[in-house]
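The structure under discussion appears below in the form of structure tokens.
Within every chain, numbering begins at 1; the chains are lettered A, B, ... in the order of the sequence lines, protein sequences first and strands thereafter.
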Amino acid sequence: MSEDPENVEKMEGDSAKPDRMFTLKKWNAVAMWSWDVECDTCAICRVQVMDACLRCQAESKRDFYGKQDCVVVWGECNHSFHYCCMSLWVKQNNRCPLCQQEWSIQRMGK
Amino acid sequence: MITLSQRLKKQQDQAVSNNRISVRDRLLARELQELSQILPSNCSVNHENVNDLSSFILSIKPNEGFWQGGCFKFGVDVTEDYNMVPPIVKCLTRLWHPNISENGEVCLSLLRQHSVDGLGWSPTRRLNDVLWGLLALFTDLLNFDDPLNIEAADMYRTSKEDFQRKVNEYVIKYAID
């Protein structure tokens, strides 16, 4: 608000027209952010998407590098899952199991 | 004659099934615990073989509606492909119900593996959802318009009293705990 200080003084003096009970002198903007995903847990295997999925954990218990193959996949609907989990499901039903939209991949990675 | 490809395939199948068992069992361990935490007082879960978590009996005693007073047992089999496929549920107690056949087949959308409408099974569902679904078959999800037991639904449409009488008859005969 750009209010001329002189103007304000005049208005305060003018008792006939107290049309403004409050004036805005200062405001603090607060911003929040979060990752652009619905949740950070894969809704299929219930393991954090950034960790290896339940299947990969079971398969490569001793293989330290095995984890690197388990990537995250984001759909156009913005829901994310482990790629392994989702590729098993789309064989049966090509829809996002959370929102039932047709599944198409937006991006993959970590 | 055993060919190399056959043998390889066999090994592969074995490996796949071994992995799936462990994934299924990991999910089961967690979901059975969740189930026990939310289990209402009119329901119970019993494992016949404590070493096999994948097969159990879910008993439901509806505390309202037509089947009040009965105890209905459902056999739940969680197959190796869980949670890509729904558990197999069969009603072990004979009852007169439009959505459960006298042979025990249960008509519940979330137990359908393939569905076009999005109401069927999805891997994001859990055993808790199966419990709520089965419980609701005795109340909210009771559906006379799309029956499995057509005779039962027809009877309800003709006379609600006759329907209730037959339900009671079955409860006394088969569903007293």
Quiz item: Would you say B/E151 has more than 12 foreign heavy atoms packed within less than 6.0 Å of its CD?
Solution: no
Quiz prompt | Separation of A/I44 CD1 from B/M84 CE (nearest 0.5 Å) | solution = 5.0 Å
Quiz item: Is the number of heavy atoms from other residues, nucleotides or ligands under 6.0 Å of B/K166 NZ greater than 12?
Solution: yes
Quiz item: Does B/F72 share a hydrophobic cluster with B/L142, counting links as ILVMFWY side-chain heavy atoms below 4.5 Å and allowing steps through other members?
Solution: yes
Practice problem: Tell me, with the steps shown, if A/R46 and B/E31 meet salt bridge (Lys or Arg N to Asp or Glu O under 4.0 Å). | Solution: CA-CA 11 Å; A/R46 291 135 214 188; B/E31 290 186 30; 2.2 Å; yes
Self-check item: Minimal non-hydrogen separation, A/L54 against B/R30, with atom names
Solution: CD1-NH2, 4.4 Å
Quiz item: Is a donor on one side and an acceptor on the other found under 3.5 Å between the side chain of B/N83 and the backbone of A/C45?
Solution: no
Quiz item: So do the side chains of A/Q57 and B/R26 get within less than 4.5 Å of each other, counting heavy atoms only?
Solution: yes
Practice problem: Return the minimal non-hydrogen interatomic distance between A/P97 and B/S122, and the atom names on each side. | Solution: O-OG, 3.6 Å
Exercise. Following the transitive rule for hydrophobic clusters with a side-chain heavy-atom cut-off under 4.5 Å over Ile, Leu, Val, Met, Phe, Trp and Tyr, establish whether B/I60 and B/I57 coincide in one cluster.
Key: no
Exercise. Please step through side chain to side chain contact (heavy atoms under 4.5 Å, CB included) for the pair B/Q113 and A/N93, ending with a clear verdict.
Key: CA-CA 9 Å; B/Q113 188 176 347; A/N93 192 341; over 6 Å; no
Quiz item: Would you call A/Q100 and B/L119 a side-chain contact if the rule is heavy atoms closer than 4.5 Å?
Solution: no
Practice problem: Group every Ile, Leu, Val, Met, Phe, Trp and Tyr by side-chain heavy-atom contacts under 4.5 Å, then state whether B/L135 and B/F138 land in the same group. | Solution: yes
Quiz item: Of all heavy-atom pairs between A/W89 and B/W121, which one has the smallest distance, and what is that distance?
Solution: CH2-O, 3.3 Å
Quiz item: Same hydrophobic cluster for B/L39 and B/L137, using side-chain heavy-atom links shorter than 4.5 Å among ILVMFWY?
Solution: yes
Self-check item: Residue B/Y170 excluded, over 12 heavy atoms near OH under 6.0 Å
Solution: yes
